Amino acid sequence: MEQKETIKIKYLNDKIEKLCYIDGKSDWIDLRAAEDVTLKKGEFAMIHLGIAMQLPAGYEACVIPRSSTYKNFGIIQSNHMGLIDETYCGPNDWWRMPVIAMRDTEIHVNDRICQFRIQKHQPKIVFDEVEELTGEDRGGFGSTGRK
Ligand SMILES: O=c1ccn([C@H]2C[C@H](O)[C@@H](COP(=O)(O)OP(=O)(O)OP(=O)(O)O)O2)c(=O)[nH]1
């Protein structure tokens, strides 16, 4: 049976298109800009995504750009991946996408600029300090070469 979770969601206004799955191609859900933004090359903005949510208990959400975001809008997500905490659930806890413009650009209301999914919190980690690790050695970072 398909597993389902319910998320309480509030939209900033009725101009924002409701969240939905696109084409059934992926279980990541696209998010849209909730404001028109004009940026000069090098400028930073926290683009309003027009949604606030109460995530299901035990979950967090991650927000990443769409693959086409840079090609379409010339922006890079400044935190690379946004983490939305379960506790970020109040009426003013709007989701935003922090971006840096790599060229002069315009983003318009309802442009699909990023995508999100929810995931379960990781288990509680206990750090067990040891003198030596006994796993097979890979030779350190970058040691397997270029080809
Ligand atoms: O790309 C992002 C990243 C975070 N958030 C929201 C949800 C998250 O729960 C909250 C705080 O994020 P985080 O704890 O990662 O940021 P911080 O820099 O530690 O800020 P704070 O002062 O809120 O702890 O900001 C977004 O809307 N977009």
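For clarity, every value in this text was computed on a predicted model and none was experimentally measured. All residue numbers refer to positions in the sequence shown, counting from 1. One-based numbering, in listed order, for ligands and for the atoms of each.
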Are any of the protein's heavy atoms under 4.0 angstrom from [atom], yes or no?
| atom | answer |
| --- | --- |
| atom 23 (O) of ligand 1 | no |
| atom 1 (O) of ligand 1 | yes |
| atom 27 (O) of ligand 1 | yes |

Any N/O pair Gln77/ligand 1 closer than 3.5 Å: no

May I ask you to decide if the ring planes of Trp94 and His48 are parallel, tilted or perpendicular, using 30° and 60° as cut-offs? tilted

Under a 4.5 Å side-chain heavy-atom rule over Ile, Leu, Val, Met, Phe, Trp and Tyr, are Ile84 and Trp28 clustered together? no

Please say yes or no: joined through hydrophobic side-chain contacts below 4.5 Å, possibly via intermediate residues, are Ile76 and Trp95 part of one cluster?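 Hydrophobic grouping puts Ile76 apart from Trp95.
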
When you measure from the side chain of Gln115 to the backbone of Val63, do you find a donor-acceptor pair of N or O atoms at a distance under 3.5 Å? no

Tell me if a side-chain donor or acceptor on Thr69 pairs with a main-chain N or O of Ile75 at a distance below 3.5 Å. no

If you have a sec, work out which protein heavy atom is nearest [atom] and how many Å separate them, to one decimal?
| atom | result |
| --- | --- |
| atom 8 (C) of ligand 1 | Leu83 O, 3.3 Å |
| atom 3 (C) of ligand 1 | Asn79 ND2, 3.6 Å |
| atom 5 (N) of ligand 1 | Ile84 CD1, 3.8 Å |
| atom 6 (C) of ligand 1 | Tyr88 CZ, 3.5 Å |

Return the set of residues passing salt bridge (charged side-chain N to carboxylate O under 4.0 Å, His left out) with Glu17 (not counting sequence neighbours), or none when no residue passes.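 If we apply the salt bridge (charged side-chain N to carboxylate O under 4.0 Å, His left out) test to Glu17, skipping adjacent residues, the hits are Arg32.
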
Non-neighbouring partners of Arg112 that pass salt bridge (charged side-chain N to carboxylate O under 4.0 Å, His left out), sequence neighbours left out: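 Result, salt bridge (charged side-chain N to carboxylate O under 4.0 Å, His left out) vs Arg112: Asp30.
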
Atoms in ligand 1 with a heavy atom of Trp95 nearer than 4.0 Å: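 Listed by number with element: 27 (O).
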
Just so I know, are the side chains of Leu49 and Ile113 near enough to count as touching, which here means a heavy-atom distance under 4.5 Å? yes

Give the single entry among Ile51, Ile64, Asp85, Val63 that approaches atom 14 (O) of ligand 1 most closely by any heavy atom.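 Among Ile51, Ile64, Asp85, Val63, the closest heavy atom to atom 14 (O) of ligand 1 belongs to Asp85.
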
When you measure from the heavy atoms of Arg96 to every atom of ligand 1, does any distance fall below 4.0 Å? yes

